[in-house]
Every structure is written in C-alpha cells, then in structure tokens.
Amino acid sequence: PAQNLNDLLQHIAGVDFRQRGAWGAQADVSLRGGTFDQTLILVNGIKMNDPQTGHHNLNLGIDVSSIRQIEVIKGPAAARYGLNTFSGVINIITKPTDENQAVVRTIVGQSEDAKWPNAPYAGYQAEGAVNFGGDKSRHLVSVSRTQSGGYRENTDLNRNTAFYQGNMNSKVGEFNVMAMAAQNDFGASGFYAYPIDASSEEQVSTIMGAVQHAIRFGPTTVRSKVYSRKNFDTYTLFRDQPEIFQNRHRTDVEGGEIHVSHTYAQGTLGAGLEYRHEAINSNNLGLRVRDNYGAFLEHRLWLLNEHLSINTGAYINNSTDFGTQILPSASMHFSMNEHFSLFANAGQSFRIPTFTDLYYVGPTNIGNADLKPEQSTNYETGVKFNEGLHFFQVSAFRQLSNDLIDWVRDSISEPWRPENYETVVTNGVEVNYEMRSMLPIVSSDLSFGLIRLGYTYLDMNITSAEEVLSRYALNNLRHQVSAQGVIAFKKNLSLSLTGRYLDRQSYKSYWLADVRLQYARNNIKTWIDATNMLNTDYIEAANAPMPGRWFRLGLEWTIPY
C-alpha cells in the first residue's frame, strides 16, 4: 500500500523511517539506530545529501512509477562511498522501460476524521510518465503533482516534481543523463520549534543534474560522473507574519568521481577519486564553503572455487574543515553449499557535521561551531539460507561510536544544542524471511504472492557524565517488526497486507496496519488503500502527531504506443 517513495521506504525491515506528515511531506530515514544525517541517499549512484541538514535528503523529484529497484546497505559503507555513510546507504534506481509506453496514475484520498467543509482533510496525487527511444537510447520523462489539506491544522501540502533520465549507448561508451526538480511547500506544525510553531511553514525546492559515463577496455572498466545539486529552503515560524522570524537558505553542491576496475582470474581490483564542493548562503548560517577530496582502493579475491570471497578496501578523505580520515574495511562471504552461506564484515566510518549543526541560531535551537566529526568502528556477522521459494537471513552487529553528535538539553526550558558524546555502543540483531512466488492455496483459486517478515532489535548505551534530554540520536527503535503478505485471486484481484510494530526509546510503542485491494486487467490497475487501519495514535518524530485512518482510491493506466 504505497503511493510515494516515503510509503515504500517505511516498509523495509531495519529501516527507521520517521515522517512528520502524510502524502510525502518531510521525512527522515535512518538505519540501525543512526540519525537522519548518517544515512547516504543515492539516486542511480548520485549523492543527494544536503549539507544544510539531512531533513532535505529525501526531497527528490521521483514518482513511484519511475522506480525499478531500491538497494539498502545496512552498516558502514565508507570504504566504497566515502563521506557520511555512517550507518548505511540507500540507492534508489530508476530506469526507462524497454517498451515505448506512457503511464498515468491518479490517487484521491480522505481522512476518516474529515468534516466537510470546515476541515477538508483530503488530497489528490496525479502522475504521468513517458518512456520512449530505440535500441541505442532509452528515455524517461515524468511529472507529478500532490496537493493535500493535511490531516490536522496547518499540515497542508503542495508538491510538484519533474524527472528526466536518458540512457544512451555509443562507440565511446555508455552515457546516463539525469535531471530532476522538486518543489515541496507544507505546513510544519510541531515539526521543528514546538511549542511555538503551530502556524509555521516550510518551502523547499531542489534541482539536480548529473551525467555518468562508462567505457570498457577488455577486463578494465572506467566509470565517471559529474553532478550538481541546488536546494532552496525557506522556513517561516509564523506563516502569516514572516517578518517575525524567517530563515532562508541556499545550498550548492558540485561533485565529480572517477572509478577504474580491473577483473582478472582470481578477483577484481578497483580504485577511485572523488571531489565534492559544498556551500551555503543563509541569512541565519551565513556564507560557508568547504571542500572534500577522497580516494579509495578496493580488492575482491575469489578462493576455493569461488566459494569464498574476501573484500578489503580503504577510503581516504580530506576535508578543508576537518582534516584527513583513513577508513579501512574488510568483509568475507563463504558459501558452505548451494543453500547456506556465512558472512562477516568490519569497517570504520565517519560523518562531518552539517552547517545547521555548526552554525544555526534560532528560538529553540543553537548550533555548536566546535563540533568534531563523528567516527565509528563496526562489526557484523551472520548466516543466509536460500532454498527454492524461501530466503532467510540472521545477523548480529555492533557499533562503537565516538564523538556522536546529538541535539540535547538539560531541561525543557533550554534550547536544543548539538554536542559530541564520548562513546555510544550499539548492539543489534536482525532477522529476515521472504517467500516470493505465486504459491497456490489448496483447493481454491487463491495463491500467496509474497510473504516477508523482519525483526530488528537495537540496544544503545551512552557513556556520558551527565543525564541529558536527547532529540535525535537516542530516540532509536528498540524493537521493530515488519510483516507483509500478498494474496492473489485468479491473478487479477489481489489483497496486500502490511503490519509494523515499533518500540522507540522515547515514544510509546504502537502497531500500524495498512491494506490494499487491487484489481488489474490488461493495462489498467485500480486499487483502494486503507492506511493506519487500527487508527493508531502515534508520533514518529518531533511533536507532530501522525494521521489516523485514511482511505485512498487509485488508478493506473499503461498506454503502449
């Protein structure tokens, strides 16, 4: 039951997805107890993280119909991806279809508590995508508009996106061109400055462009990419009186990377260079500029008739503000037989503070220019089992974090201020099971299309001389259960069920359940979604209560030409 990227991500086991509103409004994502600033967001391998704040990382111009795959790397990935991969990486992959076709989607929805006409808590979403091209090049163009009256006072949303992707093959290699734009305006009651922000508003606009190139010379492949991302953010504390307090920020990010890999009989050797320029111009944070330079070396070795693979690597990063870090890593994967395999990894990672961490000044938040980068050492081991329709994985992990950054205060009467902690130790266990098939149910026209179960346990302990109130880092999930299932009736009618249990350190535990009833025939799909079926009263972040029960009606039409 997903209508946008946010809906998709919240159903992934081990991913802590905290929304502050419905219909794709502001949301934060973290992995394995990390904060929203510690997860690297990629789109087709291009870095999307905003140096002002991680709150903007998911302001992307992508609709659901354009997404082909989402890759999630849990745990440190600094040896390969470098900057700010403290707790993991999420890579959203889009791709034009192989056929020329147009896709039209429209969704309308309404809160169960809506009382017309005084509180029109409803909304709509309209999307259109066109896939075209020939054998040498494929192209995708998509646009979308979302508008909602919200689900309580001052939670309205107006969002517009546009996206282009072109994949082209030529005699001089493969090119991938990508461009996107997203405008997201929303009421931000309870988002950032509670209790005085009941009428606050935020307006975020993001534009991005990237070109990637790959060329092969026998066993050697050279890949390069250049990209530019600009983000405009205006936060108004009282939307009817902007002169009282308003923040206006612009961030500019430009970067480039080049990777070379060479495959030989026993393995693959890879190396790369990276440059990233970050700047902000803000009436609150001032004019700030910093540069990051990175280099990595990675080697994969296959042994024992390719039953054993060993990866070793290191990433060297130099920041004009924070000096040089060397981040080594090593991993192992051993296939005992065609069904069982063992894996283990260890690595170091780091994150440099955002400009907001360092320099922000506001009525409820004060930055800290003396912050140091976060650093951690990570260990993980586990086992995988795969047989026929079934996949099972269990892993245990441990993270030792130094100088972890969190916004804290000694009492509720003081402003939030970021501080470096001495040490935070995180221990965790993750279990995942999946069955993917149209498995018939005995003596009926019903079949199971998917069963997915996941459980994550986290235990975080802080070494600190004083007791403080934590805003982000120590509000982690302790227990998370995720369950999904699909039942199909004669392949045209399907029922999708999802359930989630979340037990967070600083909020009460709760259950959530969503359902979709869908009918598909030929090139048309229509569905009814009911989200938060239990009408649970819950908060995922800050002081923003989430919506109760909602109903949405959707239609998708694929038009070949």
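We use all heavy atoms of the structure for the numbers below, so side chains are in, but hydrogens, waters and symmetry mates are not. Residue numbers run from 1 in the order of the sequence given.
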For this session: Show your reasoning for whether side chain to side chain donor-acceptor pair (under 3.5 Å) applies to N284 and S282.
Result: CA-CA 5 Å; N284 186 301; S282 164; 5.3 Å; no
Exercise. What do the steps show when you test H55 against V204 for side chain to side chain contact (heavy atoms under 4.5 Å, CB included), and what is the final call?
Worked result: CA-CA 10 Å; H55 291 315; V204 185; over 6 Å; no
Exercise. Given T146 and E127, is the side chain to side chain contact (heavy atoms under 4.5 Å, CB included) satisfied, shown in steps?
Worked result: CA-CA 9 Å; T146 304; E127 301 174 2; 6.0 Å; no
Exercise. Do N461 and D459 pass the side chain to side chain donor-acceptor pair (under 3.5 Å) test, and can you show the C-alpha distance, the side-chain angles, and the key distance before you say yes or no?
Worked result: CA-CA 7 Å; N461 295 289; D459 177 41; 3.1 Å; yes
Problem set entry | salt bridge (Lys or Arg N to Asp or Glu O under 4.0 Å) assessment of E380 paired with R32 | CA-CA 12 Å; E380 181 179 10; R32 292 185 171 176; 3.0 Å; yes
Exercise. Would N154 and S200 count as a side chain to side chain donor-acceptor pair (under 3.5 Å) if you check the C-alpha gap in whole Å, the side-chain angles of each, and the deciding distance to 0.1 Å?
Worked result: CA-CA 8 Å; N154 201 53; S200 65; 4.6 Å; no
For this session: I would like to know whether S144 and T161 meet side chain to side chain donor-acceptor pair (under 3.5 Å); could you show each step before the answer?
Result: CA-CA 5 Å; S144 74; T161 70; 2.4 Å; yes
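Remark: the backbone N or O of G82 is paired with a side-chain donor or acceptor of T85 at under 3.5 angstrom. T155 contributes a side-chain N or O that, together with a main-chain N or O of Y151, makes up a donor-acceptor pair within less than 3.5 Å. N283 places a side-chain N or O within donor-acceptor distance of the main-chain N or O of Q246, the cut-off being under 3.5 Å. Counting only distance, with no hydrogens or angles, the side chain of N49 and the backbone of I41 share a donor-acceptor pair below 3.5 Å. Judged by distance alone, with hydrogens and angles left aside, the side-chain atoms of S66 form no donor-acceptor pair with the main-chain N or O of T94 at under 3.5 Å. S148 places a side-chain N or O within donor-acceptor distance of the main-chain N or O of G150, the cut-off being under 3.5 Å. A donor-acceptor pair is defined here as one N or O able to donate and one able to accept, closer than 3.5 Å; such a pair exists between the side chain of D50 and the backbone of Q52. Looking only at distances, no side-chain donor or acceptor of S496 sits under 3.5 Å from a matching main-chain atom of V515.
At a threshold of 4.5 Å between non-hydrogen side-chain atoms, the residues I405 and N420 count as touching. Counting heavy atoms from C-beta outward, K74 and F397 have side chains that stay 4.5 Å or more apart. The shortest distance between side-chain heavy atoms of T53 and Y360 does not fall below 4.5 Å. Taking the side chain as every heavy atom from C-beta outward, L502 and L477 approach each other to under 4.5 Å. For the pair H249 and Y235, the minimum side-chain heavy-atom distance is 4.5 Å or more. Side-chain contact between Y455 and H479 is present, with heavy atoms from C-beta onward closer than 4.5 Å. Side chains of L458 and D16 form no contact here, defined as non-hydrogen atoms less than 4.5 Å apart. Within the 4.5 Å cutoff, no side-chain heavy atoms of T35 are placed close to those of S30.
Note on E274 versus K47: salt bridge recorded, some NZ/NE/NH1/NH2 to OD/OE distance being below 4.0 Å. The pair E414-R409 does not count as a salt bridge, with every side-chain nitrogen at least 4.0 angstrom from each carboxylate oxygen. With salt bridges taken as basic N to acidic carboxylate O contacts below 4.0 Å, none links D28 and R18. Contact check on R351 versus E374 returns a salt bridge, with a Lys/Arg side-chain nitrogen under 4.0 Å from an Asp/Glu carboxylate oxygen.
Side-chain polar atoms of S319 and D321 form no donor-acceptor pair below 3.5 angstrom.
Closest of all the heavy-atom pairs between G88 and L31 is CA-CD1, 3.5 Å. Across all their heavy atoms, Q325 and P373 have their closest contact at NE2-CG, 4.3 Å. Of all the heavy atoms in N378 and S349, the pair that sits closest is ND2-OG, 3.6 Å. Between S482 and H11 the shortest heavy-atom distance is OG-O, 3.4 Å. Residues P1 and T498 come closest through the heavy atom pair CD-CG2, 3.6 Å. Summarising the geometry of W550 relative to G123, their closest heavy-atom pair is CZ3-N, 4.4 Å, with the distance given to 0.1 Å.
Between the CH2 atom of W23 and the CG atom of D156 there is a distance of 14.0 Å, given to the nearest 0.5 Å. F551 CZ to N532 CG: the interatomic distance, rounded to the nearest 0.5 Å, is 10.0 Å. Taking OG1 of T377 as the start and CG of L327 as the end, the distance is 9.5 Å to the nearest 0.5 Å. Note that CZ of F350 is 8.5 Å distant from CD of Q375, once rounded to the nearest 0.5 Å. Note: T426 OG1 to R398 CZ = 9.0 Å, rounded to the nearest 0.5 Å. One finds the OG1 atom of T251 at 9.0 Å from the CD atom of E278 (value rounded to the nearest 0.5 Å).
Residue E71 places its CD atom among more than 12 non-hydrogen atoms of other residues, nucleotides or ligands, all under 6.0 Å distant. When the shell of 6.0 Å around CG of D537 is examined, it contains 12 or fewer heavy atoms from other residues, nucleotides or ligands.
Between E254 and the choices R229, K230, K225, the salt bridge (charged side-chain N to carboxylate O under 4.0 Å, His left out) rule is met once, by K230. Each of R248, Q203, H56 was checked for a side chain to side chain donor-acceptor pair (under 3.5 Å) with D233, and the lone residue meeting it is H56. Of the residues listed (Q147, Q110, R552), the one engaging Y124 in a side chain to side chain donor-acceptor pair (under 3.5 Å) is Q147, and it is the only one.
In this view, P415 and I366 satisfy the side-chain contact (heavy atoms from CB on, under 4.5 Å) rule, not counting sequence neighbours. By the side-chain hydrogen bond (donor to acceptor under 3.5 Å, both in side chains) test, Q183 is found to be paired with D185, residues two or more places apart in sequence or in another chain being considered. With sequence neighbours excluded, the residues satisfying side-chain contact (heavy atoms from CB on, under 4.5 Å) with Q10 are D7, F17, Q19, R500, D514. Q484 meets the side-chain hydrogen bond (donor to acceptor under 3.5 Å, both in side chains) test with R452; sequence neighbours excluded. Listed by chain and residue number, N59, N231 satisfy the side-chain hydrogen bond (donor to acceptor under 3.5 Å, both in side chains) test with T206 (two or more places apart in sequence, or in another chain).
The ring-ring contact (aromatic ring centres under 6.0 Å, His included) analysis of residues 275-294, with sequence neighbours excluded, yields the pairs Y275-Y293.
Between F191 and F186, the distance from one ring center to the other falls under 6.0 angstrom.
Geometrically, R504 does not engage Y538 in a cation-pi contact, judged by NZ or CZ lying under 6.0 Å from the ring centre and within 45° of the ring axis.
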